[in-house]
Engineer: 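To start, I am sharing the structure in question, which I have written as structure tokens.
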Amino acid sequence: HVQLVESGGGSVQAGGSLRLSCSLSEYDVTIYCMAWFRRLPGQEREGVAAIAGDGRTNYAAYVEEGFTTTRDGAKNIIALQMDSRKHAETATYYCAADLVNDETSLVEAEYDYWGQGTQVTVS
């Protein structure tokens with residue numbers, strides 16, 4: 001069964017950088033699209049960035065300059081690099097995987113598997 005684990009969360013100051021990673025427990029499983037979502041305190045989870053199996057990406061409109069998601073296809077690992085966070089907000093970031101579609105959707109319902117989340121705290 002597919003398990004996703006996020007790592008790299010921690011404290012960051014406005015203008016600082018942070019890198020999150022998401023790895024799958026089963027490297028041989030076929031994953032079409034993977035994505036990052038976030039949940040701000042008191043709000044619902046929302047899409048941040050998605051990356052397809054061929055490397056195509058899609059970013060939410062609110063994403064600030066310096067956010068980049070990349071993928072290691074061989075190991076089903078994705079990363080979210082967050083640089084120059086001038087407007088950083090405390091949030092929990094989640095990794096998601098889609099085993100059916102590859103459209104780089106930012107809609108939560110499109111994804112089949114979810115990680116437990118990793119906390120990013122603005123200090």
Side-chain angles (χ1 to χ4, degrees):
H1 190 71
V2 176
Q3 300 283 333
L4 290 80
V5 180
E6 302 96 340
S7 62
S11 297
V12 63
Q13 296 179 312
S17 299
L18 200 66
R19 184 179 179 87
L20 306 180
S21 295
C22 173
S23 62
L24 274 67
S25 61
E26 187 175 351
Y27 293 159
D28 293 331
V29 68
T30 298
I31 300 295
Y32 289 98
C33 184
M34 299 182 71
W36 292 99
F37 286 74
R38 73 175 185 180
R39 188 193 301 275
L40 274 63
Q43 302 185 31
E44 296 184 345
R45 191 155 55 187
E46 60 185 351
V48 177
I51 183 166
D54 63 0
R56 289 177 293 110
T57 58
N58 185 27
Y59 296 91
Y62 67 83
V63 171
E64 60 187 287
E65 184 178 358
F67 275 49
T68 304
T69 187
T70 56
R71 181 170 186 165
D72 181 341
K75 298 183 178 181
N76 286 324
I77 297 173
I78 62 169
L80 181 65
Q81 181 70 38
M82 301 179 286
D83 295 326
S84 302
R85 299 199 66 190
K86 298 180 179 180
H87 306 289
E89 296 182 85
T90 294
T92 300
Y93 284 77
Y94 299 86
C95 178
D98 190 339
L99 275 63
V100 179
N101 300 307
D102 202 21
E103 294 88 0
T104 63
S105 175
L106 294 176
V107 177
E108 183 175 1
E110 293 289 336
Y111 293 87
D112 305 299
Y113 296 95
W114 294 84
Q116 295 298 310
T118 185
Q119 180 78 12
V120 174
T121 301
V122 177
S123 61

Engineer: Can you confirm whether T70 sits close enough to Q81 that some side-chain heavy atom of one is under 4.5 Å from a side-chain heavy atom of the other?
Structural biologist: no

Engineer: Starting from Y32 and following side-chain heavy-atom contacts under 4.5 Å between hydrophobic residues (I, L, V, M, F, W, Y), which residues can be reached?
Structural biologist: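 Once heavy-atom contacts under 4.5 Å are chained together, Y32 still belongs with nothing else.
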
Engineer: Working to the nearest 0.5 angstrom, can you tell me the gap between L4 CG and I78 CD1?
Structural biologist: 8.0 Å

Engineer: Y59: what forms a ring pair (Phe, Tyr, Trp, His ring centres under 6.0 Å) with it, not counting sequence neighbours?
Structural biologist: none

Engineer: Check A60 against G47 and note the closest heavy-atom contact, atom names and distance.
Structural biologist: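 A60 and G47 have their closest heavy atoms at CB-O, 3.4 Å.
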
Engineer: If the condition is salt bridge (Lys or Arg N to Asp or Glu O under 4.0 Å), which residues does E108 pass it with, not counting sequence neighbours?
Structural biologist: R45

Engineer: Is the backbone of A79 close enough, under 3.5 Å, to the side chain of T69 for a donor and an acceptor to pair up by distance?
Structural biologist: yes

Engineer: How close do S105 and C33 get, counting heavy atoms only, and between which atoms?
Structural biologist: N-SG, 4.4 Å

Engineer: Just grab all the salt bridge (charged side-chain N to carboxylate O under 4.0 Å, His left out) pairs involving residues 113-123, residues at least two apart or on different chains.
Structural biologist: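 Not a single pair qualifies under salt bridge (charged side-chain N to carboxylate O under 4.0 Å, His left out).
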
Engineer: Just to verify, what does Y111 make a side chain to side chain donor-acceptor pair (under 3.5 Å) with, not counting sequence neighbours?
Structural biologist: none

Engineer: Show me the donor-acceptor pairs within less than 3.5 Å that the side chains of residues 94-103 make with the rest of the protein, sequence neighbours left out.
Structural biologist:
unit_1: D98; atom_1: OD1; unit_2: V100; atom_2: N; d: 2.8
unit_1: D98; atom_1: OD1; unit_2: N101; atom_2: N; d: 3.0
unit_1: N101; atom_1: ND2; unit_2: E110; atom_2: OE1; d: 3.4
unit_1: D102; atom_1: OD1; unit_2: G53; atom_2: N; d: 3.0
unit_1: D102; atom_1: OD2; unit_2: G53; atom_2: N; d: 3.4

Engineer: Which value, rounded to the nearest 0.5 Å, describes the distance between I51 atom CD1 and T104 atom OG1?
Structural biologist: 9.5 Å

Engineer: According to side chain to side chain donor-acceptor pair (under 3.5 Å), does anything in residues 3-17 pair up with another residue at least two apart or in another chain? List the pairs.
Structural biologist: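 For residues 3-17: S17-D83.
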
Engineer: Just to verify, what does D112 make a salt bridge (Lys or Arg N to Asp or Glu O under 4.0 Å) with, not counting sequence neighbours?
Structural biologist: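 For D112 there are no salt bridge (Lys or Arg N to Asp or Glu O under 4.0 Å) partners, ignoring immediate neighbours.
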
Engineer: Report, one line per pair, each donor and acceptor closer than 3.5 Å where one atom sits in a side chain of residues 114-123; sequence neighbours left out.
Structural biologist:
unit_1: T118; atom_1: OG1; unit_2: G9; atom_2: N; d: 3.2
unit_1: Q119; atom_1: OE1; unit_2: T92; atom_2: OG1; d: 2.7

Engineer: For E44, does the CD atom sit with more than 12 other heavy atoms under 6.0 Å from it, leaving out its own atoms?
Structural biologist: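 No, CD of E44 has 12 or fewer neighbouring heavy atoms, counting only those of other groups under 6.0 Å.
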
Engineer: Should side-chain heavy atoms under 4.5 Å link Ile, Leu, Val, Met, Phe, Trp and Tyr, which residues sit in the same cluster as L106?
Structural biologist: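 Besides L106, the hydrophobic cluster comprises nothing; the residue is isolated.
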
Engineer: Group every Ile, Leu, Val, Met, Phe, Trp and Tyr by side-chain heavy-atom contacts under 4.5 Å, then state whether V48 and Y113 land in the same group.
Structural biologist: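 Yes; tracing contacts between hydrophobic side chains, which count when under 4.5 Å, links both residues.
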
Engineer: Looking only at heavy atoms, what is the nearest atom pair of M34 and C22, with distance?
Structural biologist: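 That would be CE-SG, 4.1 Å.
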
Engineer: Does some side-chain heavy atom of M82 sit less than 4.5 Å from a side-chain heavy atom of Y93?
Structural biologist: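 Yes - at least one pair of side-chain heavy atoms lies under 4.5 Å apart.
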
Engineer: Are Y62 and V107 connected in a single hydrophobic cluster, I mean Ile/Leu/Val/Met/Phe/Trp/Tyr linked by side-chain heavy atoms less than 4.5 Å apart?
Structural biologist: no

Engineer: Using side-chain heavy atoms (C-beta onward) and a distance below 4.5 Å, is R38 in contact with L40?
Structural biologist: yes

Engineer: How would you list, by chain and number, every residue that makes a side chain to side chain donor-acceptor pair (under 3.5 Å) with R39, sequence neighbours excluded?
Structural biologist: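 Here no residue qualifies.
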
Engineer: Minimum heavy-atom separation for L24 and V2, please, with both atom names.
Structural biologist: CD2-CG1, 4.0 Å

